[in-house]
Amino acid sequence: MLNYEWELDEYGIDEEDNFSRRHHQVKYRVFSDNFVLAVELFEDTDKDFCLIRTLIPYIVQIQQWLLICHKTFIRGSIVIGNICFTDNYVFGSGLISSYLLENDIALFPRIILDDECMYIFRGYEVFDGIKERFKVTDELVLDDIDGNGFVNYLAIDYRYVEKLGSDEFTEGIVAQHRLIIIRLLESTKNKKVLQKYYWCKNFHNRICERYDFPQYIIKN
């Protein structure tokens, strides 16, 4: 894990890149095997919606990077809570809540949102101007069968849309995702771990149906 911060910089998630310059309110730290990203909320639901919506593409980038470059799936959570975020320390009740949600509820390789985040992200009727700016919101967070909202890590990375086209980029990610899952399902013997990869398979097939990629469905 010592090289993760350097690799984040190589991937483009550093404080000097274009995304960070445009969204400087997103802070991140890497320690042990943890990524911590944070934005300050203002108890103004319209603004908070924009801030949460700004944070999620960072998370999608990290998940896609780990998947494609390291064949690694992660789980975690997005919560609203108090946190002390300095150059040297990250602590607070929000961090504890995030850990408990990840450890006790997430279970599978997914990053779930707590109820308050979901209310801001989905339940609150933000004004039409914000909805128009963020047309992809429904693609970024999906509902799982247990009722939890989770980050769609196969969502389009819009940095590449102009170069590749959204369909081509998404298809490339889905194709690689399929191969990785098939190999893991074939090679994994631990039943507890296997359950997690079956969740990935079900999620993958759901995305294939959603984006109309029937050729990449993983069959039994």
So for atom CG, which belongs to Asn82, do other residues, nucleotides or ligands contribute more than 12 heavy atoms lying within a distance under 6.0 Å? no
Give a yes or no answer on whether the side chain of Thr72 reaches the backbone of His70 with a donor-acceptor pair at less than 3.5 Å. yes
Quick check on the hydrophobic clustering: are Ile218 and Leu194 connected, directly or via other members, by side-chain heavy-atom contacts under 4.5 Å? yes
Taking all heavy atoms of Asn152 and all of Val60, pick out the closest pair and write down the distance. O-CG2, 3.8 Å
Does a side-chain heavy-atom distance below 4.5 Å link Val151 with Arg110? no
Verify the cluster assignment for Ile182 and Tyr216: are they in a single hydrophobic cluster under the rule of side-chain heavy atoms below 4.5 Å apart? yes
Heavy-atom closest contact (Cys200 atom, Pro109 atom, distance): SG-CG, 3.6 Å
Answer with yes or no whether the hydrophobic clustering places Ile207 together with Ile68; edges join I, L, V, M, F, W, Y residues whose side-chain heavy atoms lie under 4.5 Å apart. yes
Is there a side-chain contact between Ile78 and Asp114, using heavy atoms and a 4.5 Å cut-off? no
Donor-acceptor contact below 3.5 Å, side chain Asn190 vs main chain Val193: yes
May I ask you to decide if Ser98's main-chain N or O and Ser77's side chain share a donor-acceptor pair within less than 3.5 Å? yes
Under a 4.5 Å cut-off applied to non-hydrogen side-chain atoms, are Val30 and Asn34 in contact? no
Walk me through it: do Tyr28 and Ile62 pass the test side chain to side chain contact (heavy atoms under 4.5 Å, CB included)? CA-CA 12 Å; Tyr28 81 87; Ile62 291 171; over 6 Å; no
How long is the gap from CZ on Arg178 to CZ on Arg183, to the nearest 0.5 Å? 10.5 Å
Side-chain donor-acceptor contacts of residues 99-107 below 3.5 Å, not counting sequence neighbours, with atom names and distances?
residue	atom	partner	partner atom	Å
Glu102	OE2	Arg75	NE	2.5
Glu102	OE2	Arg75	NH2	3.3

Might you work through the side chain to side chain contact (heavy atoms under 4.5 Å, CB included) test for Phe91 and Ile83, ending with a clear yes or no? CA-CA 6 Å; Phe91 63 90; Ile83 189 169; over 6 Å; no
Are side-chain heavy atoms of Ile180 and Phe73 found at a separation under 4.5 Å? yes
Are the side chains of Lys27 and Leu37 in contact, using a 4.5 Å heavy-atom criterion? no
Contact summary for Ala155 and Leu140, nearest pair of heavy atoms: CB-CD2, 3.9 Å
My understanding is that only one of Arg210, Glu209, Gln215 makes a side-chain contact (heavy atoms from CB on, under 4.5 Å) with Phe213; could you say which? Gln215
Side-chain heavy atoms of Tyr197 within contact of Thr188, under 4.5 Å: yes
In terms of hydrophobic clusters joined by side-chain contacts under 4.5 Å, are Leu184 and Tyr198 together? yes
How long is the straight-line distance from CG of Leu154 back to CG of Leu67, given to the nearest 0.5 Å? 7.0 Å
Indicate yes or no: at least one non-hydrogen side-chain atom of Tyr119 is less than 4.5 angstrom from one of Glu116. no
Heavy-atom closest pair (Ile80 atom, Cys117 atom, distance to 0.1 Å) is CG1-SG, 3.6 Å
For Arg29 and Thr86, work out which heavy atoms get closest and say how close. NE-O, 3.2 Å
If hydrophobic clusters are built from ILVMFWY residues whose side chains come within less than 4.5 Å, do Ile59 and Leu66 share one? yes
So which atom in His204 and which in Val174 form the shortest heavy-atom distance, rounded to 0.1 Å? CE1-O, 3.3 Å
Would you say the side chain of Met118 lies within less than 4.5 Å of the side chain of Val141, judging by non-hydrogen atoms? yes
Tell me every residue that passes side-chain hydrogen bond (donor to acceptor under 3.5 Å, both in side chains) with Asn148, counting only those two or more places apart in sequence or in another chain. Asp146
Non-neighbouring partners of Phe203 that pass ring-ring contact (aromatic ring centres under 6.0 Å, His included), sequence neighbours left out: Phe150, Tyr153, Trp199
